[in-house]
Amino acid sequence: MTEELKVSNDKDRADNLGLGPTPEDDFAKWYQEIVKKAELAENGPVRGTMVVRPYAWRMWELMQRYLDDMFKETGHENAYFPLLIPKSYITKEAEHVEGFAPELWEVTRGGNKDLEEPAVIRPTSETIIGEMMSKWIQSHRDLPMLLNQWCSVMRWERRPRLFLRTSEFNWQEGHTAHVDEEDAMRETLQMLDIYETFAVRDLALPVVKGEKTPGERFPGAKNTYTIEGMMRDGKALQSGTSHYLGTNFAKAFNIEYSNSANEKVLCHTTSWGLSTRMIGALIMAHGDEKGLVVPPRLAPHQVVVIPMRFDKEPRVLEAAEQIAKDLRAVGVRVHVDKRDQRPGFKHNDWELKGAPLRMELGPRDLDEGKVLVAARLGQDEKESIAIADLVGDIPGRLEAYHDFLLTRATEFRDANTKQVDTWDEFVEQVKSGWASVLYDGTEETEQKIKEATSATPRCIPSSFEAEEGPCFVTGAPSAFGKRVIFGRSY
RNA sequence: CGGGCUGUGGCGCAGCCUGGUAGCGCGCUCCGUUCGGGUCGGAGAGGUCCGGAGUUCAAAUCUCCGCAGCCCGACCA
């Protein structure tokens, strides 16, 4: 009887603290529980808004740092443009306004009176930055103009989901102006490459890089490029986009320069953005039934040290702090968990929060000059390592852990991506993954596919070989000169 | 925006059908104990039952209107 009660209490505790559903049971619920229980974010009081908690914001700070470094290395400068944009700006580019009109938040009052011209809260800043660029650019000598801003934007979302789609979200938006198409296109593709590097190197997320089909383009863009990641439920997540805007915005906002022949010429502009949605990507690409799995480059705590009986034996804590100090000196982010909790609780908690490595340090280890090192993934047994070897060992171990995650995610993606040539195969394939197909590229065909399977064209991968043949739906000649990846998406 | 479901201490839930102003588990606080994978015992704190209006002597419970969340769809860098 007592035993039964005890077991039941343990189960209640586990249910309350740990995750209920597994990704296989109920992916949507699993995702929400991770977000909440790993203390990443929660809903704000206004519909669709999100409170980002410190643990997740730290990951975003790291993302910002890696991206910002690459932006600066490629000559970009950060600036800041206003949150509020005159409503009239948005309407200057026809496709742009059509695309964003249904998503706008509008401000009509301030200081207790109606505004003369309503303002919209930026859904993206092409318009206001275009307006400013038109003032700043006079000569070909002013080009290229390479700007970026870190900010939040707002779009009315009908169905918000934390990190994936919220009314307000934080991102970076780059905006550049160039002398001609060639230079602008080089920029567009360069930024796409940077996003890919970021995804692979920092997020351990293999992505498919490529161009969007016309139906999936950014409103007002001539070409849209994307990196698409595969989540563990086989769906695609658009993880970063880069747009070649042609002269569309230059025309709308008069962004022009005098060339060396003293002729007025329209600029060719680009824009590119990546958001906190990447935190959603990280959760859904790497997480498992125990919780979050954070890739080392983004982990707030790469190593968590769990000291045993440290209240009774101060030397344990001293040793733990010394280890932390030594590792920090070689660039490892270490956290010593001094909470008044049992070690078992801490192990579970840090598994839920996805810390890559844990160290268990007690009097016994200390006597032997060793620590037990456990990995969140990819290592079955805890390994006893000499304390003296840690500084040499841990950085490499973190890299190996990153490689493990990347390999695992890549194998998963490849196993769930299939080349198909018939309707039946296609329908089956997009239930759980991606299908690469030849199709005729028409809106009608895309619509038919979407209605039947809810799959949409994700991108025309730049890595794919040229290939042509009959459309798997209509039999008409295929478009784009190569296969296109279709999948369900977020 | 259409269809479905939900809203009760921090979290998970019961109570609602058959109105009589709240209960359980976990968590939290304090004391002791324990500490190498979610210790054990004791004593406590904490809720205008999402909001508003209505019916009633009386509403968590019934009715209406909002708001918010979740799922499916539509929509969506």
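This is a predicted model, so every value here is computed, not measured.
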With a 4.5 Å limit on heavy-atom distance, are the side chains of A/Thr453 and A/Phe426 in contact?
-> yes
OP1 or OP2 of B/rG37 less than 4.0 angstrom from a side-chain nitrogen or oxygen of A/Lys382, does that happen here?
-> no
Rounded to whole angstroms, how far apart are CG on A/Leu366 and P on B/rG36?
-> 17 Å
Using whole Å, report how far CD of A/Glu33 lies from P of B/rG10.
-> 18 Å
For A/Ala374 and A/Arg155, take the nucleotide of RNA chain B holding the closest heavy atom to each; which residue's nucleotide lies nearer the 5' end?
-> A/Ala374
At under 4.0 Å between heavy atoms, what does A/Glu360 touch on the DNA or RNA strands: base, sugar-phosphate, or nothing?
-> base
In whole angstroms, the gap separating C1' of B/rG37 from CZ of A/Arg339 amounts to 14 Å
Pairwise C1' distance for B/rG25 and B/rC67, with rounding to whole Å = 30 Å
Select base, sugar-phosphate, or nothing to describe what A/Leu372 touches, counting heavy atoms under 4.0 Å on all strands.
-> base
A/Val316 to A/Gly362 - nearest heavy-atom pair and separation | CG2-C, 4.2 Å
Just the atom pairs and distances: protein N or O near nucleotides 27-35 of chain B's N or O, under 3.5 Å.
residue : atom : partner  : partner atom : Å
B/rG27  : OP1  : A/Arg13  : NE           : 2.5
B/rG27  : OP1  : A/Arg13  : NH2          : 2.7
B/rU34  : O2'  : A/Arg342 : NH2          : 3.2
B/rC35  : OP2  : A/Arg309 : NH1          : 3.4
B/rC35  : O4'  : A/Arg342 : NH2          : 2.9
B/rC35  : N4   : A/Asp311 : OD2          : 2.7
B/rC35  : N4   : A/Lys312 : NZ           : 3.3

Output yes when A/Asp337 and A/Arg358 qualify as a salt bridge under the 4.0 Å nitrogen-oxygen rule, no when they do not.
-> no
Euclidean distance, atom CD of residue A/Glu157 to atom C1' of B/rC1 [Å, nearest integer] | 14 Å
Protein-nucleotide distance (A/Arg364, atom CZ; B/rG37, atom C1'), rounded to Å = 13 Å
Side-chain donor/acceptor of A/Lys36 to base of B/rG10, under 3.5 Å | no
Looking at every strand, decide which applies to A/Pro102 at a 4.0 Å heavy-atom threshold: base, sugar-phosphate, or nothing.
-> nothing
Evaluate the side-chain proximity of A/Thr124 to A/Arg155: yes if any heavy-atom separation is below 4.5 Å, no if none is.
-> yes
Should the pair A/Lys346-A/Asp349 be classified as a salt bridge under the 4.0 Å nitrogen-to-oxygen rule?
-> no
How far, in whole Å, is B/rU29 from B/rC72 if one measures between their P atoms?
-> 37 Å
Validation row: A/Leu83, A/Val153 side chains within 4.5 angstrom (heavy atoms) = no
Looking across every strand, which nucleic acid part, if any, lies under 4.0 Å from A/Ser271 by heavy atom: base, sugar-phosphate, or nothing?
-> nothing
Derivation of the side chain to side chain donor-acceptor pair (under 3.5 Å) call for A/Ser152 and A/Glu168 = CA-CA 6 Å; A/Ser152 71; A/Glu168 182 189 10; 2.7 Å; yes
Detail all sub-3.5 Å separations between protein N/O atoms and N/O atoms belonging to nucleotides 66-73 of chain B.
residue : atom : partner  : partner atom : Å
B/rG69  : OP1  : A/Gly48  : N            : 3.0
B/rG69  : OP2  : A/Arg47  : NH1          : 3.3
B/rC70  : O3'  : A/Gln32  : NE2          : 3.1
B/rC72  : OP2  : A/Arg159 : NH2          : 2.2

Atom-pair distance (CD on A/Glu216; P on B/rC75), nearest Å = 11 Å
Heavy-atom side-chain proximity of A/Tyr244 to A/Leu189 below 4.5 angstrom | no
Answer yes or no: is there an ion pair linking A/Arg315 with A/Glu313, defined by an N-O contact shorter than 4.0 Å?
-> yes
Rounded to whole angstroms, how far apart are CD on A/Glu313 and P on B/rG36?
-> 13 Å
Quick one: label A/Glu103 by what it contacts on the DNA or RNA (base, sugar-phosphate, nothing), any heavy atom closer than 4.0 Å.
-> sugar-phosphate
Atom pair distance, as rounded to whole Å: NZ in A/Lys37 and P in B/rC26 | 15 Å
When you measure from the centre of the six-membered ring of A/Trp423, is the NZ or CZ of A/Lys448 under 6.0 Å away and within 45° of the axis?
-> yes
Report yes or no: is there a donor-acceptor pair, N or O only, under 3.5 Å between the side chain of A/Asp349 and the base of B/rG38?
-> no
Please write out each protein N/O paired with an N/O of nucleotides 5-9 of chain B under 3.5 Å, distance rounded to 0.1 Å.
none

Checking all strands, does A/Glu173 fall into the base, sugar-phosphate, or nothing category for heavy-atom contacts under 4.0 angstrom?
-> nothing
Between B/rG7 and B/rG12 - C1' atom distance, rounded Å | 14 Å
A/Lys482 to A/Phe480, cation-pi by 6.0 Å centre distance and 45° axis angle = no
